[in-house]
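Presented below is the structure to which this report refers.
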Number of protein chains: 2
Amino acid sequence: MRVLKYAILGLLIKRPMTGYELAKEFNFELAEFWHASHSQIYPELKKLNDEGLVTYDIEISGDILEAKRYSITKEGELEFTQWLHKDEKIPKTQKDIFRLRMYFSNNLDPKTRIHLLENQRQQHLKRLNTLVKTSEQYPEVPDLYSDRFGDFVVLKGAIMRQENIIEWIDQCIGYIEAGAKNKP
Amino acid sequence: MRVLKYAILGLLIKRPMTGYELAKEFNFELAEFWHASHSQIYPELKKLNDEGLVTYDIEISGDILEAKRYSITKEGELEFTQWLHKDEKIPKTQKDIFRLRMYFSNNLDPKTRIHLLENQRQQHLKRLNTLVKTSEQYPEVPDLYSDRFGDFVVLKGAIMRQENIIEWIDQCIGYIEAGAKNKP
DNA sequence: AATCAACATGTAAATATTGACATGTAAGAT
DNA sequence: ATCTTACATGTCAATATTTACATGTTGATT
């Protein structure tokens, strides 16, 4: 499906970027729903260049340090826009190792289950707080055509998802505490 | 990390199964948070057998059709239990192509955005209904040590997640409708 | 007798992804 | 001068995952 291809093209529509900058975007702003490391990005940029969907200019910092600043081409914009318009089947599964563990949790004593859940809760709460802090940059809904709109709605979604996960964890803890009271 | 290894071991603790039956589990009961197809499962079973974590007996149906029914060994149970006890770092990212699209949605006119969102909404609602129907098998919280407990909590989580996604989609539609009213 | 759905097991090729290996510069602080 | 952090680009090996290829049986229905 080559989603990374479209992720990169979409980012380059905003502004020309180096591979390094793209990697930063994938590690920060987009990190809540997409990720790629530089070892994937550099080969993909090369491929996109071969396909004529991006071009680059070489920039020199200092004396010799070269950076390739990639821009999207007309063809790239066309392909990206076509992709963006497509309806999409929801994916069969969102793999989730922790839920897999919980699926098998009857093999654990209640104490261990609660320990594992509390541990996850704490980590998710931490992430939630980070997201909420980030969302303070958006006191209002950005304009529909601003590139901050997408960031805003996705951030909202990430916050809602975190809250939902924590709610689920709390319910799980509740079930276990109630069940353990009867037969400890 | 070889999560499939532990997923298979965990399933085999419940009861001995053939590769075909494992594949069915991954396509039905577990499908909301894990998935694997037979082309992954058969090689993994071979590997687990080489490692002494599972064994199999050959069953004959009819005249010649052979089926390998795999069971978990003592070593397998030990490794599985050790894995199950481990705390786990929450994953960096849950890749989500639709959210990636929404992140770039400023490149679409409001009508198209709403169309894409409604399409997703419908699909997620359909899945939610299926999940709710499945959850009717659980009028009460199963016993903590029954293997139905894990299924129950994970199913609860899947329902909550679906509801949450739909809520997010509705909010997105709301933002777009409100924004489009001002500048159509 | 033919057909179909479910049972059953495998391999191969292509793609996606992660983590390690590998190298070096620029700019600012100490 | 030295150190540290950020900038910058790449390859390689190992896994993980999907899709297609490949084959055949069993049991029930028509």
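Order of the sequence lines fixes the chain letters, A, B, ..., with proteins taken first and strands second; residue numbering starts at 1 for each chain.
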Students often get this wrong, so: under 4.0 angstrom with heavy atoms, is K95(B) touching a base, only sugar-phosphate, or nothing? sugar-phosphate
To the nearest 0.5 Å, tell me how far N107(B) CG sits from F104(B) CZ. 8.0 Å
Can you list, in residue-number order, the parts of residues 11-20 of chain A that come under 4.0 Å of DNA chain D, counting heavy atoms only? T18(A), G19(A), Y20(A)
Among residues 25-52 of chain B, which residues get a heavy atom nearer than 4.0 Å to DNA chain C? H38(B), S39(B), Y42(B), K46(B)
In terms of side-chain geometry, is the basic nitrogen of K24(B) or E29(B) positioned less than 4.0 Å from the acidic oxygen of its partner? no
Using a cut-off of 6.0 Å, state whether more than 12 heavy atoms not belonging to E59(A) lie near its atom CD. yes
For atom CD of Q122(A), is the number of surrounding heavy atoms from other residues, nucleotides or ligands below 6.0 Å larger than 12? no
Could you tell me the boundaries of the chain B footprint on DNA chain C, defined by atoms under 4.0 Å from its heavy atoms? dA6(C) to dT17(C)
Could you tell me if the ring centre of F33(A) sits under 6.0 Å from that of Y103(B)? yes
Any carboxylate oxygen within less than 4.0 angstrom of a Lys/Arg side-chain nitrogen, looking at E32(B) and R127(B)? yes
Salt bridge present between E51(A) and K46(A) (N-O < 4.0 angstrom): no
Please list each protein N or O that sits under 3.5 Å from an N or O in nucleotides 1-4 of chain D, with the distance.
none

Heavy-atom contacts under 4.0 Å between residues 60-69 of chain A and DNA chain C, which residues? S61(A), G62(A), D63(A), I64(A), L65(A)
Please state how far atom NZ in K24(A) lies from atom P in dA6(D), giving the value in whole angstrom units. 10 Å
Is the cationic atom of R113(B) (NZ for Lys, CZ for Arg) positioned less than 6.0 Å from the six-membered ring centroid of Y145(A) and within 45 degrees of its normal? yes
Over its full length, what angle do the end axes of the helix from dA1(C)-dT30(D) to dT30(C)-dA1(D) make, each axis taken from five pairs and the result rounded to 10 degrees? 20°
Under 6.0 Å from the six-membered ring centre of W168(A) and within 45° of its axis: does the NZ or CZ of R121(A) meet both? no
Is the number of heavy atoms from other residues, nucleotides or ligands under 6.0 Å of K156(A) NZ greater than 12? no
Least distance between heavy atoms, S135(B) atom then I159(B) atom: CB-CD1, 3.7 Å
Parallel, tilted or perpendicular: which one describes the rings of H38(B) and Y42(B), with boundaries at 30° and 60°? perpendicular
So, are E44(A) and K5(A) salt-bridged, with charged N and O less than 4.0 Å apart? no
Just by distance, do the side chain of Q162(B) and the backbone of H124(B) share a donor-acceptor pair under 3.5 Å? yes
Under a plain distance cut-off of 3.5 Å, with no hydrogens placed, do N49(B) and Y70(B) share a side-chain donor-acceptor pair? no
Might you confirm whether atom NZ of K14(B) has over 12 heavy atoms from other residues, nucleotides or ligands at distances under 6.0 Å? yes
Shared hydrophobic cluster, M1(A) / I41(A) (ILVMFWY, side-chain heavy atoms < 4.5 Å): yes
